[in-house]
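So the structure is just underneath, and the comments pick up after that.
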Amino acid sequence: MRRVRYYENGGPEVLRLEHADTPAPGPGEILVRTEAVGVTLPVVRKVREGGLPLPASLGGEVAGEVAAVGPEVTGFAAGDRVTGLCFSDGYADFSVLGAAMASPVPEGASAADAVALVRSGLVALGAFEAARPAQGESVLVTGAASGVGHLAVQLAKARGAGRVVAAVSSPAKAEFVRSLGADEVVIYGDDSWGEPVDIVLDAVGGELLTPAMAALAPGGRLVAYSSGGGTLQAYDLLVGAKSAVGFQIALIARHRPELLEQWRRELWELFAAGRLRPRVHAELPLEEAAKAHEIIESRANLGKVLLRP
């Protein structure tokens, strides 16, 4: 099979397409013939910044058909269509997933729909839930044109937010986020982000945390789910009785699998009802993985970026 690995840390140019033996699933694992792979900012950052022993392969969100199941696997069989997260050789013709990290793809949904919806949708929905929203509250989403952000905008509307503000990096993205249902659009460099909001879902972090916190009304809540880091000043929390919480989907998957399954069902129900529509910015062949990373690094994407093995 073909797979993408990197032998040194750096930008997209360090990615290498190579050939390897097709792996066999172990206990509790399934082997998936990959049809679509989601490219995410955390994976792109890991290639550039390091943290894994080299050479390293890339994990990712994948969807495809089950080719084989390992021992102790129940609920899946060869031929089933599934999506899920794998931690190694995600950018490959075949990927091994833990059965616990996989979920069925319903009829009528494509592999692209599954990759764009499920993992990113779980992050978006989980971050929204972490804010403990009340009906009619206002929500601001940073990174609103991203793979997660564009779903967060739609979910906020579907869940009854009274006003949804999309924060993006450039005016070129305004029409896209308005098409998702955003009531207002702000640009990161704007002097003001408009009327304060009750909730901020922050996908960017870093220097953007300060204006994101300033955008909150008294008593507002900021949920940080970005890998971009950043620092908040305690005074910024105290002065407006504001709060900030971090959210990581991996912890939910590890400790609350029943909640994760509940969220999956809600995502597919909203999809079936036409209230949640994942958007795909680009679908590229596996050999163009470097180009996919370039799109993500440049923040040029409007929706999800996919690889097609």
Side-chain angles (χ1 to χ4, degrees), residues 40-42 61 85 101 103 116-167 177 180-182 193 196-206 208-234 236-238 240-271 275-276 278:
T40 66
L41 183 58
E61 311 157 337
L85 182 70
M101 300 298 291
S103 60
L117 179 72
V118 176
R119 185 68 180 179
S120 294
L122 287 171
V123 174
L125 182 53
F128 186 68
E129 285 284 291
R132 300 187 181 278
Q135 192 75 13
E137 285 192 311
S138 52
V139 180
L140 183 146
V141 179
T142 67
S146 68
V148 173
H150 88 286
L151 295 175
V153 170
Q154 296 178 67
L155 283 165
K157 294 295 287 187
R159 282 293 202 88
R163 170 172 147 254
V164 176
V165 183
V177 292
L180 305 172
W193 284 7
V197 297
D198 300 300
I199 295 168
V200 170
L201 304 180
D202 180 45
V204 180
L208 210 66
L209 276 176
T210 298
M213 182 61 67
L216 283 174
R221 292 90 71 201
L222 181 145
V223 179
Y225 62 95
S226 162
S227 60
T231 302
L232 289 171
Q233 299 298 320
D236 292 336
L237 301 177
L238 293 170
K242 301 174 183 179
S243 59
V245 61
F247 175 79
Q248 186 184 56
I249 193 67
L251 291 177
I252 301 296
R254 191 175 301 124
H255 301 294
R256 297 287 306 280
E258 76 290 346
L259 181 59
L260 203 70
E261 186 54 39
Q262 175 186 320
W263 289 347
R264 282 194 189 107
R265 288 196 301 270
E266 180 174 350
L267 290 170
W268 283 121
E269 287 168 2
L270 289 169
F271 175 82
R275 302 178 68 193
L276 188 59

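Every residue two or more places apart in sequence or in another chain that forms a side chain to side chain contact (heavy atoms under 4.5 Å, CB included) with A224 is listed here: L222. Remark: R159 engages E129, E266 in a salt bridge (Lys or Arg N to Asp or Glu O under 4.0 Å) (not counting sequence neighbours). Residues satisfying the side chain to side chain contact (heavy atoms under 4.5 Å, CB included) test with L259, not counting sequence neighbours, are I252, R256, Q262, W263.
Taking all atoms of both residues into account, the shortest heavy-atom contact from A130 to F247 is CB-CD1, 4.2 Å. Annotation for A144 and V153: closest pair CB-CG2, 3.9 Å, computed over non-hydrogen atoms. Closest approach of A215 and W193 over heavy atoms only: CB-CE3, 3.9 Å. The two residues E137 and R132 have their closest heavy-atom pair at OE1-O, 4.3 Å. Considering every non-hydrogen atom in both S243 and L216, the closest pair reads O-CD1, 4.4 Å. Scanning both residues, L125 and L155, for their nearest heavy atoms gives N-CD1, 3.7 Å.
A donor-acceptor contact shorter than 3.5 Å is absent between the side chain of S138 and the backbone of G162. For the pair T142 (side chain) and A203 (backbone), a donor-acceptor distance under 3.5 Å is present. Remark: side-chain polar atoms of R264 are not paired, donor with acceptor, to backbone N or O of S103 under 3.5 angstrom. Here the side chain of Q154 pairs a donor or acceptor atom with the backbone of H150 at under 3.5 angstrom. With hydrogens and angles disregarded, a donor-acceptor distance shorter than 3.5 Å links the side chain of R275 to the backbone of A158.
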side-chain contact (heavy atoms from CB on, under 4.5 Å), that's the test. Do V197 and R163 meet it? Break it down for me. CA-CA 8 Å; V197 297; R163 170 172 147 254; 3.9 Å; yes

Using the side-chain contact (heavy atoms from CB on, under 4.5 Å) rule, take V118 and L85 through it: C-alpha gap first, then chi angles, then the decisive distance, then the call. CA-CA 10 Å; V118 176; L85 182 70; over 6 Å; no

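Shown are L140, V141, L209; of these, the side-chain contact (heavy atoms from CB on, under 4.5 Å) with D202 is made only by L209.
In this structure, NZ in K242 is found 6.5 Å from CE in M213, a value given to the nearest 0.5 Å. Interatomic distance, NZ of K157 versus CG of L180, reported as 11.0 Å (0.5 Å rounding).
Side-chain contact between V139 and P133 is absent, with no heavy-atom pair separated by less than 4.5 Å.
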